[in-house]
Each structure stands twice: as C-alpha cells, then as structure tokens.
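Following: one structure in structure tokens, then a few remarks.
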Amino acid sequence: MSRLSQTFLPTLKDAPADAEAISHKLMVRAGLIRQLGAGLWTYLPAGWRVQRKVHEVIRAEMEGIGCQEMLMPVLQPAEAWEKTSRYAIEELFKLEDRKGSPLVLAMTHEEAVTYHVAREVRSYRDLPLMVFHIQTKERDEPRPRAGVLRTREFTMKDAYSFDRDEEGLARSYDLQAGAYERILDRCGLRWYRVESDVGMMGGSGADEYMAPCPAGENEVALAPGYAANVEVASAEPQPVELPAPLGAPEEVDTPGMTKVEEVASHLGLPQGAFIKTLPIVVEGRGMVLVLLRGDHRLNEIKLRNGMKTDFRQASAEEIEEQLGPVGYLGPVGSGLPIIVDAALTGDSYVTGANKPNTHLRGVDPSRDFEAYAMDVRTVEAGDTAPGGGRIEIETAIEVGNIFKLGTRYSEPLGATYLDENGAEHPIVMGSYGIGPARIAAASIEQRADERGIVWPPALAPWQVHLVSLAKAGEAEREAADRLYEELRAAGAEVLYDDRDAGPGEKLTDAELLGCPLRVVAGRRGLAEGVVEATERASGEEHRLPVEEAAAQALALLDD
RNA sequence: CGGGGAGUGGCGCAGUCUGGUAGCGCACUCGGCUGGGGGCCGAGCGGUCGCAGGUUCAAAUCCUGUCUCCCCGACCA
C-alpha cells in the first residue's frame with residue numbers, strides 16, 4: 001500500500017539551514033532521513049526502501065560469487081579486540097555490562113568472523129570460504145559530517161574471505177572486485193577503483209572504490225590509465241628552472257623572511273628552487289629532517305609507510321634546541337638524519353642556513369649533505385602519471401574498499417588449518433566493505449538536478465510516482481485510482497499521490513523524490529483520454545492512452 | 001583535539017547591542033473559494049526562548065557554568 005496520503009513521507013520546502021552537501025539537503029527534504037543526534041540518522045520509510053534496494057543488489061552479487069550471508073552481533077566481548085590490539089583504537093566504542101565485563105560495539109567484524117572461523121575451520125578442505133553480512137557498525141567519529149556520508153552508526157556490507165595461501169587470496173580478491181564493479185554499475189554510479197593505503201590494517205594490498213562528487217572527503221589522482229588515492233599516489237613532478245650551480249653553498253641575507261614565497265620573490269626565484277625543511281620526531285629515534293621542494297606538500301601517509309614507523313611534528317622548542325630558528329631551517333651541517341624527497345633531483349637550491357635572517361643558495365643535495373631519498377610528496381594536478389598522462393585531482397566519496405589482510409587477524413586469533421601433510425598454517429584473509437548509505441548519497445550527489453533527486457531505477461524507492469490532480473470524488477480521480485490498481489496488479493512499485501493538495505505541491509514533490517517515471521492523471525490529459533508520463537532523468541514526456549497506460553508505463557521503465 | 005558559528009512553536013527566522021505584555025513567514029487545524037507548478041480569504045492551535053545557577057522590582061535579553069548541533073581543519077584500522 002503506497003498511497004501518499006497514508007505514507008510517512010514528510011517533505012520539506014526548505015533544506016535544513018545547517019546542511020551543506022547536496023545529498024544531505026535532498027535526503028532530508030525528500031523525507032528519506034531525519035537526524036537523531038550528531039552522526040545518527042533515522043531512515044524514514046522512503047529512505048529505508050532505497051537502502052533495501054542497495055542491499056538487494058549487493059546480496060545478489062555476493063551470492064553470485066559464492067559468498068554466503070550470515071549475521072554477527074554488534075555488541076561483542078572485548079577479548080578478541082585485545083588480542084588483535086585494536087582495543088586501543090579511539091574510534092572504538094567501549095562499554096561494560098552489569099558484571100563489569102568489558103564489551104565493545106564493533107566498528108567492523110574481522111575479530112568476530114575470525115573468532116568463528118578459528119573454531120570451525122580445521123582443514124584445507126574447508127577452504128576457500130567467503131561469508132558476508134549486512135550489519136550496523138559503530139564508530140566514535142571525531143567529526144561526523146554531511147548527513148549520511150560520515151556517521152557514527154551506519155550499515156555496512158562486510159565480506160571476508162579465507163584462503164590457504166596468497167594465491168587463493170588473490171582469487172577471492174578478484175572475485176570480490178568483480179562483484180563490486182557489478183554492484184556499482186547496477187547502482188548507476190560513476191566510479192573508479194584506486195590504489196589505496198593499506199593503513200594499519202596491514203596486509204599486502206588494498207583498493208578503494210571511489211564515486212567522484214564535490215561532497216567527497218577523498219582526493220583521487222587520475223590520469224589515463226592511472227587512478228590512485230592521493231594518500232598513496234606517485235607521479236613525476238612538474239619541472240622547475242633552477243639557478244646555475246655554485247661551487248659551494250653561499251649565504252644570503254634574508255631579513256625577516258621566514259616563508260618560502262617571501263624569499264622566493266626577494267631572490268626572484270620560483271618556489272620550486274627552494275628546499276623546505278620539515279623536522280619530525282620518531283619516538284625512540286629522535287629528530288629527522290624531511291626535505292621537500294619548496295612548492296611541494298608533504299604526504300604524511302607516504303612518509304609513514306616509507307619509514308615503516310609513526311612520527312610526529314617536532315615542537316618549536318625541539319627545533320630551536322636541535323637545529324635553528326624556525327623559518328631559517330636547512331639540512332646543511334645539521335648533523336641529523338635526513339630524508340630527501342625523490343623530487344629534489346637538481347643541484348642548486350635555496351634553503352635555510354639554521355641562522356637567523358639567513359638562507360643558503362647553491363645547495364646541492366647530493367654534495368652538501370647525506371640523505372636517504374624517498375617519495376614523500378603529495379602529487380598535484382599537472383604532474384605526470386606513471387603511464388605518461390597528466391594528473392587531475394578529483395574529490396570523491398569512498399563507497400567501498402577491499403583489503404588483502406593476509407594473516408593480520410588469523411595469527412593473533414589462532415585461525416589456522418592443516419594442509420595435506422598435516423602441517424598447520426595461518427589462514428590467509430581478505431576483507432571487503434561497501435557502504436549502502438554512501439552509495440545512495442553518492443548517487444544523489446552525482447545525478448541530482450535543481451529540482452531534486454534523480455534515482456537510477458535500481459535504487460528508486462518506487463518506480464512510478466503516480467499523481468492524481470483531481471479531488472476525491474471526481475471522475476478524474478477515479479481514473480487515477482483505477483490506474484493505480486492496474487499498475488500494482490502489473491507488479492509495478494508505485495507511489496500514488498492521492499492527497500488533496502494543489503498541483504504545484506504534488507508535482508514538485510514528485511520531482512524532489514526523484515522516482516524514474518512520473519505519471520500525471522489530470523483533467524487536461526484525461527479529457528483527451530491520456531495520462532502524461534515523464535521520465536525524471538531526461539524530462540522526456542509520453543502521452544499514454546488511459547486504457548493501456550499501465551502496460552506502456554512499465555514498458556517505458558524497461559527501456 | 002584546534003578554529004569559527006548556532007540553540008526562540010514542526011521548519012526557516014526576527015527580537016538580545018540598549019532588561020519591561022514573545023513576534024513574523026511557512027507548516028498544522030477548522031470553514032470557504034480555487035484546481036496543470038508549493039494558490040486565495042477568514043478563523044484558530046501551538047513556544048518553561050537548550051539546561052543550571054546568578055544579578056535585578058523585572059531576564060529570551062546582563063553574568064557564570066554546562067549541554068547540544070553545524071561548518072573548517074586535524075583524525076578517519
């Protein structure tokens with residue numbers, strides 16, 4: 001029963017004042033969601049229909065690759081999280097039961113699924129195994145934002161694969177990747193798969209599925225044949241013209257000039273002719289200098305991955321004490337370990353002299369100090385990608401990610417199997433997440449127009465939005481009632497606007513909600529024996545004879 | 001966690017500086033008109049002004065504390 005007069009579908013003329021993202025505004029206005037608290041959202045009936053549509057697509061594709069659905073609890077004993085050392089994660093909600101036993105609210109389900117597999121799987125004959133569930137996740141996000149895009153509680157489809165070796169993992173990974181591609185295509189998204197940071201998840205590889213749109217939180221470096229999260233992207237920098245080399249570094253007075261741009265304009269050099277010196281501290285190892293070209297930015301993730309250890313920025317006191325005045329820092333004569341960005345290939349740079357109001361010019365990294373070269377800069381638009389293409393940077397929503405976990409969880413949780421020779425091995429795992437809420441939001445971000453949402457058929461809460469422009473009791477209304485019954489009988493998902501409201505309100509609501517086909521039954525058309533069907537995406541209008549309207553509407557949807 | 005902003009009826013807001021009867025638009029209810037793009041007329045319902053404390057004859061307004069929400073950044077296993 002989907003008569004709008006009896007449906008809990010509260011639409012709004014204005015977006016909430018504090019909403020910024022398009023999907024946030026439209027989901028609230030169209031009556032799909034309402035907020036309960038920061039990062040906590042309720043799905044109203046129409047919004048939940050959309051979520052279920054996404055779930056169904058995911059379910060079908062998971063089952064299609066032999067991945068079996070199950071369901072694990074969100075509330076979990078803390079013990080397994082202690083074993084995998086994820087209990088320390090700040091985003092993890094922690095609580096106690098009445099007996100004082102420590103519990104957590106799961107942010108993802110590696111611990112739980114591995115716990116079970118560790119107990120049930122013994123033999124190589126039980127492998128490979130792939131399971132998934134669609135379950136709530138809880139994360140104590142420091143800053144929820146943009147409606148449903150970053151929340152503290154959300155539903156995720158997470159799948160897990162269990163194989164005997166890396167080769168098996170590669171096969172499972174490819175199966176999942178194929179399913180992900182079909183899921184996103186069926187949901188009508190523009191997307192790409194990018195290399196990503198494996199992060200503290202460990203393991204040997206990770207890819208993310210990104211849906212480009214302005215509300216995204218991620219930056220992706222794209223070029224023909226190349227796609228990577230900016231977090232891990234590498235590229236050839238844009239060239240820079242350096243001054244003539246000198247026989248040895250030479251001091252220049254730069255009074256009061258502590259910024260690269262100030263010294264650059266003073267000396268008439270491009271910012272790329274400078275070396276930026278960033279002092280960091282590696283706990284237990286002390287201060288390290290990281291050198292970057294003056295016009296480049298540090299990529300902390302690449303640096304962390306390259307060093308294989310965490311670090312922090314040095315404090316002002318540490319810098320003054322061990323190196324020199326902030327604003328005039330440089331590598332020459334520092335005596336500290338140095339990491340030089342791979343883009344610093346020239347032989348005549350300007351950098352700080354570690355003395356007030358003084359810089360050095362003619363600095364040659366290969367001659368004037370010892371350094372370890374590493375690619376640690378953030379790529380930027382205009383750089384040259386590994387395939388030779390020009391890099392573009394685009395913002396995107398991460399709608400899914402797939403990880404090769406390896407034995408990161410199976411080892412601490414004792415998930416092992418016996419091979420043909422009776423030898424015990426840790427199970428090799430993969431994990432595969434996808435966010436139904438983000439898929440819906442990304443779809444809105446990518447497809448909406450100034451009138452509202454434009455759903456792809458696979459995600460639409462209803463396929464047909466039937467609008468009667470007549471009042472109850474009028475002959476035109478009866479024709480609309482009949483058409484509603486016919487459409488339902490024909491198996492269409494139809495929302496019937498039978499409210500006693502003005503035509504403007506009904507038509508705008510239909511466009512706001514964005515169902516693929518709007519069918520209007522009004523006096524004007526019915527006088528000529530037709531109803532008007534309008535495709536939401538294209539705006540194309542069709543006049544359907546009343547007697548055949550149901551069948552023809554369904555035919556339009558099949559195109 | 002750093003920076004900025006906001007809490008007044010369901011929604012959007014004014015009133016706060018300069019203390020003195022809580023107001024507007026929309027929505028909602030009732031009646032009527034209208035009926036192809038959020039229409040019109042009339043009559044209504046609805047608010048302890050986030051919370052707590054303080055100053056004062058008197059507090060939405062001044063002071064103190066606190067909670068919540070939003071935005072930017074950091075973070076995001």
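Here the structure is a predicted model, which means the values were calculated and not measured. Every chain is numbered from 1 and lettered A, B, ... according to where its sequence line falls, protein lines coming before strand lines.
Among residue pairs with one or both ends in residues 432-453 of chain A, none qualify as ring pair (Phe, Tyr, Trp, His ring centres under 6.0 Å); sequence neighbours excluded. Legend: salt bridge (Lys or Arg N to Asp or Glu O under 4.0 Å) pairs involving residues 70-83 of chain A, not counting sequence neighbours, sorted by first then second residue: A:Glu79-A:Lys83.
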Determine, for nucleotides 7-15 of chain B in 5'-to-3' order, which nucleotides have protein heavy atoms under 4.0 Å from the base (write B), from only the sugar-phosphate (write S), or from neither (write -).
-> -----SS--

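One finds no salt bridge joining A:Arg152 and A:Glu138 here, because no Lys/Arg side-chain nitrogen approaches an Asp/Glu carboxylate oxygen to under 4.0 Å. Using a 4.0 Å cut-off between a side-chain N of Lys or Arg and a carboxylate O of Asp or Glu, A:Asp497 and A:Arg3 do not qualify as a salt bridge. Using a 4.0 Å cut-off between a side-chain N of Lys or Arg and a carboxylate O of Asp or Glu, A:Arg536 and A:Asp449 qualify as a salt bridge. Using a 4.0 Å cut-off between charged side-chain N and carboxylate O, A:Asp158 and A:Lys137 make a salt bridge.
A:Arg34 comes within contact range of no nucleotide atom at all, as no heavy-atom separation falls under 4.0 Å. As judged by a 4.0 angstrom heavy-atom cut-off over every strand, A:Glu300 is placed among residues touching the sugar-phosphate backbone only.
Taking the side chain of A:Glu141 as heavy atoms from C-beta on, and the options B:C72, B:G37, B:C76, the nearest nucleotide is B:C76. Nearest to the side-chain atoms of A:Arg143 among the listed nucleotides B:C71, B:C69, B:C26 stands B:C71.
Take A:Arg150 and apply the salt bridge (Lys or Arg N to Asp or Glu O under 4.0 Å) test, not counting sequence neighbours, and it matches A:Glu141, A:Glu217. Taking the salt bridge (Lys or Arg N to Asp or Glu O under 4.0 Å) definition, one finds that A:Glu528 meets it with A:Arg543, sequence neighbours left out.
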Could you please spell out the steps behind the ring pair (Phe, Tyr, Trp, His ring centres under 6.0 Å) verdict for A:Trp455 and A:His465?
-> CA-CA 12 Å; A:Trp455 290 116; A:His465 191 133; over 10 Å; no

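Checking B:C1 for Watson-Crick or G-U wobble geometry (two distances, each under 3.5 Å) identifies B:G73 as its partner. Using Watson-Crick or G-U wobble geometry with both donor-acceptor distances under 3.5 Å, B:U21 finds no partner in any strand shown. Remark: B:A14 base-pairs with no nucleotide in the shown strands. Criterion, Watson-Crick or G-U wobble with two distances under 3.5 Å.
Applying the 4.0 Å criterion to OP1 and OP2 of B:C76, one finds that A:Arg139 has every side-chain N and O outside that range. Proximity of A:Arg145 to the phosphate of B:C72: a side-chain N or O atom is located under 4.0 Å from OP1 or OP2.
You'll find a donor-acceptor pair under 3.5 Å spanning the side chain of A:Glu511 and the base of B:G37, going by distance alone.
One P atom belongs to B:C62, the other to B:C69, and the distance between them is 24 Å to the nearest Å.
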Polar atoms only, N or O, under 3.5 Å: list the protein pairs with nucleotides 34-36 of chain B and their distances.
from  : atom 1 : to       : atom 2 : distance (Å)
B:G35 : O6     : A:Lys471 : NZ     : 2.3
B:G35 : N2     : A:Ala501 : O      : 2.9
B:G36 : O2'    : A:Arg524 : NH2    : 2.1
B:G36 : O6     : A:Gly522 : N      : 3.4
B:G36 : O6     : A:Gly522 : O      : 3.2
B:G36 : O6     : A:Arg524 : N      : 3.3
B:G36 : O6     : A:Gly525 : N      : 3.0
B:G36 : N1     : A:Glu532 : OE1    : 2.4
B:G36 : N1     : A:Glu532 : OE2    : 3.4
B:G36 : N2     : A:Glu532 : OE1    : 2.5

